[in-house]
Amino acid sequence: MAVTIIVDEFACIGSGECVAEDPQAIALDDSGIAYALIGELAQERAAAICKVCPVGALSMAPIDG
Amino acid sequence: MQQITVVGNGVAGWACAKRLGEQGVPVTLVGPGLPHDRPPLSKRALTSGRIPWSTSSDGLAELGIAHVDGMVTDVDFDTRQLTVATDGGVRTLGFGPLVWATGFTFPRPPVPGLDGERVHQNHESIGTAKLHERLTSVAGQRVVVIGAGLIGTESAASVAGMGHTVTLVDMLPRPLSRLPKAAGDVAFAALGQLGVVFHGDCRITAVEHTGSTSVVHTTTHGDIPADTVIVAAGFGSSLPTVLAPEGGLMIDVDETLRVSDHVDVWACGDCITFPHPRWGRIAIPHWDHAFQSGRHVAEAILGDRTPYVRDPYWFSDIGPLRLQLVGMAERADTWGDENGLLVGRDRDGQVAAVMLINAPARLNEAREYVAAGLIPTHVH
């Protein structure tokens with residue numbers, strides 16, 4: 001199933017763990033806040049990224065269709 | 001399981017309390033206000049005014065965490081009672097197993113005029129909210145930031161990004177002076193690109209407030225006018241005498257983060273030194289350690305006897321500049337570029353630290369370099 005990563009930008013503390021996990025899929029902006037580079041990811045790949053966030057700022061949402 | 005009392009609701013205390021609560025352990029969390037995170041306070045929270053709360057009152061209740069909103073002012077290990085100052089007065093609180101996680105305090109430097117409400121601090125939620133309000137009340141302010149450590153340097157960059165004219169001053173010669181020189185050099189360049197003026201080796205004699213403006217008097221850089229003054233310099237002990245005689249900053253804990261002089265007492269976060277298998281007894285006053293050590297104490301209370309061996313790691317954002325460091329920079333004798341990474345090696349040639357400059361994708365690689373340094377060369 002394809003999903004997208006949702007970033008709670010006010011919970012993100014910029015630890016960088018998500019980028020270290022999958023730098024092709026997620027990056028940090030100039031405020032050190034995570035943002036998704038790819039809009040559609042396999043659920044397993046997205047789950048691995050979300051799992052390493054120490055503050056739970058990342059979550060997944062299914063993509064319709 | 002017995003009720004666990006966690007003193008301190010910063011990053012370490014909250015990480016510990018949350019983990020225990022998730023495991024169904026009853027917790028009393030003592031600390032002023034709701035838990036919130038710290039890194040955004042000099043960045044996104046400062047510019048947006050939105051505090052990064054870690055939870056809410058309902059969230060605490062859902063985890064079975066009883067919150068005592070106050071500051072512990074004394075602890076008696078004989079009677080096992082805490083003295084807590086709250087808005088409603090002083091109260092005593094009995095405790096069984098105890099976790100100490102009070103971090104540091106941030107007393108203002110003893111300079112005339114730096115005390116009082118005209119000078120701002122943004123190391124916690126209330127101060128950050130108040131500073132945000134001040135910075136958004138009038139555009140184009142002259143802002144002086146005193147102290148060019150991580151918080152001061154990040155804050156200067158953020159405030160400049162809000163359109164204010166920023167002067168950053170420090171008694172040391174360059175920004176981030178306590179970090180590897182390369183960090184200070186790239187921070188200095190990034191600040192310059194943001195229009196921040198940096199005055200190093202600055203000696204402040206007083207801060208004078210007249211009407212709505214202030215003047216920072218120095219013996220080295222003349223008088224610096226300011227509409228807003230931020231102080232981000234200095235830290236002090238949060239520990240009662242019984243835990244740290246003579247105003248000590250740190251509690252020594254063992255490899256499972258237990259305080260050996262007392263029964264059923266653990267400590268975590270900025271206010272501890274712990275025995276690292278490679279580095280010896282160290283302190284790591286940064287977010288990652290606060291979080292990881294808080295979680296580790298929770299696991300220790302739950303029965304895990306695994307030693308705490310986390311390597312130091314910190315991260316910083318100074319405008320568009322991303323800095324990350326893994327390992328013990330102060331143990332590095334030499335620094336050099338190795339495969340695009342800034343690597344510090346100790347006197348035995350082992351990797352002591354790796355600094356990443358705008359290279360967040362290589363964090364795990366940096367960790368592997370430092371961890372490889374753990375392998376003694378005489379073991380085969």
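A note on names: the letters A, B, ... follow the listed sequences, proteins ahead of strands, and every chain is numbered from 1.
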K.L.:
One thing to verify: whether B/Arg44 and A/Asp30 come together as a salt bridge, which I'm taking to mean a side-chain N less than 4.0 angstrom from a carboxylate O.
P.N.:
no
K.L.:
Is it the backbone or the side chain of A/Cys18 that comes under 4.5 Å from a heavy atom of chain B, or both, or neither?
P.N.:
neither
K.L.:
For a side-chain contact (heavy atoms from CB on, under 4.5 Å) with A/Phe10, tell me which candidate from B/Pro52, B/Ser48, B/Pro40 qualifies.
P.N.:
B/Ser48
K.L.:
Using non-hydrogen atoms only, which part of B/Arg367 is less than 4.5 Å away from chain A: side chain, backbone, both, or neither?
P.N.:
side chain
K.L.:
Decide if atom CD1 of B/Ile126 counts as having more than 12 heavy atoms of other residues, nucleotides or ligands within a radius under 6.0 Å.
P.N.:
no
K.L.:
Under 4.5 Å from any heavy atom of chain A, what part of B/Asp288 do you find: side chain, backbone, both or neither?
P.N.:
side chain
K.L.:
Inspect the surroundings of CD in B/Glu338 and state if more than 12 heavy atoms from other residues, nucleotides or ligands are less than 6.0 Å away.
P.N.:
yes
K.L.:
What pair of heavy atoms forms the shortest contact from B/Leu363 to A/Ala20, and how long is it?
P.N.:
CB-CB, 3.6 Å
K.L.:
Hey, could you give me the CZ/OG distance between B/Phe291 and A/Ser15, rounded to the nearest 0.5 Å?
P.N.:
9.0 Å
K.L.:
Determine the option with the most heavy-atom pairs under 4.5 angstrom with chain B, choosing from A/Gly56, A/Gly14, A/Cys12, A/Pro23.
P.N.:
A/Gly14
K.L.:
Between atom CZ of B/Arg322 and atom OG of A/Ser31, what is the distance when rounded to the nearest 0.5 Å?
P.N.:
11.0 Å
K.L.:
Might you point out which heavy atoms bring A/Ile13 and B/Pro39 nearest each other, and give the distance in Å?
P.N.:
O-CB, 3.7 Å
K.L.:
Are A/Glu9 and B/Lys43 close enough for a salt bridge, meaning some N to O gap below 4.0 Å?
P.N.:
no
K.L.:
Looking at chain A, which one of B/Ser158, B/Pro320, B/Ser316 has the largest number of heavy-atom pairs inside 4.5 Å, strictly under?
P.N.:
B/Pro320
K.L.:
Would you call A/Leu28 and B/Phe315 a side-chain contact if the rule is heavy atoms closer than 4.5 Å?
P.N.:
no
K.L.:
Is atom CZ of B/Phe198 surrounded by more than 12 heavy atoms (other residues, nucleotides or ligands) closer than 6.0 Å?
P.N.:
yes
